[in-house]
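Each chain gets a letter, A, B and so on, in the order its sequence line appears, and its residues count up from 1.
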2 protein chains.
Amino acid sequence: MEKIKRKRGTEGATMEDIAAATGLSKMTISRVFSGTGSVRKETRERVIEEADRLGYVYNALAGNFSRGKTQLIGFGVRFDGLLGSEYFAGIYRGAQNRLAKEDLRLIPLDTSSREYQNGENLMSLVAQRRVDGVMILAPLEQDELIVNQTFEEAPMVVVGAQPSHSSISWADMDNVHAIECLVDHMVSLGHQKIAYIAGPEQVSDAVTRGRAFIDAIKKHGLELPPEYIANGGFHYSIGRLAAKQILSLDDRPTALIAANDLSALGAMDMIKELGLVPGKDISVAGVDGSYMAGEVTPALTSVVQPLEQLGARAAELLIEQMQGDTSVVGTQLVRGELKAKESSGNVS
Amino acid sequence: MEKIKRKRGTEGATMEDIAAATGLSKMTISRVFSGTGSVRKETRERVIEEADRLGYVYNALAGNFSRGKTQLIGFGVRFDGLLGSEYFAGIYRGAQNRLAKEDLRLIPLDTSSREYQNGENLMSLVAQRRVDGVMILAPLEQDELIVNQTFEEAPMVVVGAQPSHSSISWADMDNVHAIECLVDHMVSLGHQKIAYIAGPEQVSDAVTRGRAFIDAIKKHGLELPPEYIANGGFHYSIGRLAAKQILSLDDRPTALIAANDLSALGAMDMIKELGLVPGKDISVAGVDGSYMAGEVTPALTSVVQPLEQLGARAAELLIEQMQGDTSVVGTQLVRGELKAKESSGNVS
DNA sequence: TTGTAAGCGTTATCAT
DNA sequence: ATGATAACGCTTACAA
């Protein structure tokens with residue numbers, strides 16, 4: 001590897017150096033390394049050989065500037081609350097894997113920060129050309145305005161929620177289907193009295209699940225006393241409390257469905273604490289297919305969210321938008337899969 | 001906001017347009033927006049006013065190219081296993097917040113991917129000028145080679161582990177102190193028979209904690225039968241099994257310390273399942289200060305990891321390296337804090 | 001398939 | 001405090 005001298009503190013060979021060394025033009029070198037356009041096989045090999053000899057490395061910074069793209073996609077996520085979750089991780093992985101095929105990379109942006117709430121962050125990041133597009137994870141209702149604004153500025157997709165603005169692309173789990181699966185499952189085990197632990201009201205998926213539960217119960221012609229619906233807020237400790245409350249009812253249900261695994265796990269803990277056996281004395285199920293659902297004893301019946309798939313679909317919707325000239329709007333509803341475990345069993 | 005026409009598909013005003021409109025030079029405009037150099041107050045105001053009028057937005061892509069920096073820091077983390085953890089989230093947040101002050105942003109890179117294992121990913125990202133520096137989260141022993149190689153290429157810091165290569169900067173929790181806190185705590189409650197649930201051998205922090213436990217027990221002159229040390233592997237279900245094993249011993253310990261919260265929680269679950277009361281019949285404690293530690297009943301005694309602080313310190317070490325001409329090596333050992341809860345109590 | 005020319009929008013450097 | 005000028009290393013657009 002020879003050393004090359006250059007002005008302004010730069011080191012390393014450039015395409016121009018290779019051009020000079022091979023007698024070709026800069027453009028041919030560019031074609032070789034960017035994979036664009038066609039280059040004769042011999043030529044390509046000669047270029048690559050010379051590049052190796054000179055220790056050339058492609059300068060993405062220059063390429064991106066010239067192209068006017070950063071190859072970066074902002075991934076909006078609430079650092080406070082969502083960043084360390086399996087939910088985030090699964091979707092992020094799925095999206096990143098899909099985007100990698102287009103040489104795109106995700107960069108997490110904090111939607112719980114003040115700057116985001118002002119709309120400063122996301123919008124200016126787009127405007128300043130720091131990201132080419134934006135993917136937003138499970139925005140809350142209160143984020144609606146910012147989502148809509150960002151959408152005006154750049155290619156955007158929402159994942160894990162369904163935005164009210166009808167021309168925004170989104171990918172989400174089929175929450176109705178998930179809840180139907182669980183209710184059907186419980187009913188097929190003979191359960192008639194099924195209680196529900198709801199999720200937080202600001203989370204649209206949770207609201208959807210709550211409505212779906214009521215509908216599913218009605219569909220089966222079952223009764224649903226108001227006391228059978230408790231608030232769990234997606235938390236373990238609240239799931240515990242909700243279970244305690246429900247178990248103390250005179251007309252105790254035989255099955256318990258929670259809006260997510262965490263509250264289901266809390267409920268199960270309380271059930272055990274009260275000397276009852278989950279899956280025997282009372283059946284329990286949740287939504288998520290979380291790590292803990294498989295770790296506890298008895299294992300928790302749950303509808304597994306297809307997180308990676310969800311992320312990948314969202315990525316595809318975004319890519320469509322970035323490639324198509326017209327702003328294509330796409331939506332994806334992905335179905336989860338029921339994994340029945342020991343926490344749910346025949347009615348006793 | 002006027003519209004400005006430009007060649008090659010570009011839109012929006014540039015510094016040159018503002019220069020023309022104000023009669024100043026491009027450089028003065030640049031000084032205003034980059035915050036570098038000095039500009040008279042009046043001049044600055046005039047520039048900003050005109051910029052607003054023209055709808056000018058700073059083009060970071062161009063600025064970064066000109067400066068030769070991406071303002072991006074690669075954050076190496078195992079997507080498989082660590083990405084969805086509180087541990088990752090806390091450190092990431094702390095680091096990102098600190099780096100934001102220098103206009104630096106983190107971008108997660110998957111160290112569990114094949115490309116990383118080949119050394120392709122990290123190294124080429126640095127070489128191709130896609131990132132200015134690298135922070136690596138809790139690399140495993142097997143990652144040593146890649147860590148060392150990356151270190152040759154760019155400013156780098158390791159967080160959540162102590163690299164063997166002595167000229168690499170790192171920030172880590174004081175694991176020895178954490179374990180000492182827990183042992184001291186148990187001893188102060190009157191416990192003489194203390195068992196330990198270890199972590200995985202590939203995780204250097206876990207190994208350090210294991211050694212620290214043995215040392216701390218010795219320091220107090222207590223006995224430590226080999227059966228008092230079980231493997232928990234940082235998992236809930238294994239923590240359960242470990243507890244079962246330990247509780248079946250003829251000479252049953254009165255206290256149980258786990259290498260992390262997850263296995264401690266599993267142990268506590270098993271204790272409850274066997275009809276014993278944690279904090280009364282047997283005391284339990286972990287390390288992490290995790291969300292779940294505060295959610296379960298009884299709440300779990302734990303040493304809270306100062307994750308955000310850890311991330312911030314690591315960020316500072318990296319910033320030092322990026323600014324200083326010489327490669328400064330710094331190390332930071334951050335102490336956690338014991339939070340005693342109901343899971344640990346006086347020996348009965 | 002390969003080449004020529006003209007940027008892309010900012011910052012470094014040196015001068016005034 | 002401000003200006004003139006030359007990069008920075010690549011890609012687009014068009015020509016051969």
Problem - Under 3.5 Å donor-acceptor pair, B:Lys26 side-chain atoms to C:dT10 base atoms - result: yes

Practice task
Check if the side chain of B:Thr28 and the base of D:dT2 share a donor-acceptor pair of N or O atoms closer than 3.5 Å.
Solution key: no

Problem - Mutual orientation of the aromatic rings belonging to A:Phe79 and B:Tyr92 [parallel < 30°, tilted 30-60°, perpendicular > 60°] - result: perpendicular

Which nucleotide sits closest to the side chain of [X]: [options]?
X       : options              : result
B:Thr14 : C:dG9, C:dT1, C:dG3  : C:dG9
A:Tyr56 : D:dC10, C:dG9, D:dT2 : D:dC10
A:Tyr58 : D:dC8, D:dT2, D:dT11 : D:dT11

Practice task
Would you indicate what B:Thr43 reaches in the nucleic acid, counting non-hydrogen atoms under 4.0 angstrom: base, sugar-phosphate, or nothing?
Solution key: sugar-phosphate

Handout entry: A:Arg78 side chain vs A:Ala138 backbone, donor-acceptor pair below 3.5 Å
Key = yes

Exercise for the section: Examine C:dT11: is either OP1 or OP2 under 4.0 Å from a nitrogen or oxygen in the side chain of B:Ser30? Give yes or no. Expected result: yes

Problem - Pairs involving residues 151-169 of chain B, ordered by first then second residue, that meet side chain to side chain donor-acceptor pair (under 3.5 Å) (sequence neighbours left out) - result: B:Glu144-B:Ser164, B:His165-B:Ser167, B:Ser169-B:Gln321

Problem - Set of residues satisfying side-chain hydrogen bond (donor to acceptor under 3.5 Å, both in side chains) with respect to A:Thr43, sequence neighbours excluded - result: none

Can you give me the N/O atom pairs linking the protein to nucleotides 14-16 of chain D at distances under 3.5 Å, or say none if there are none?
none

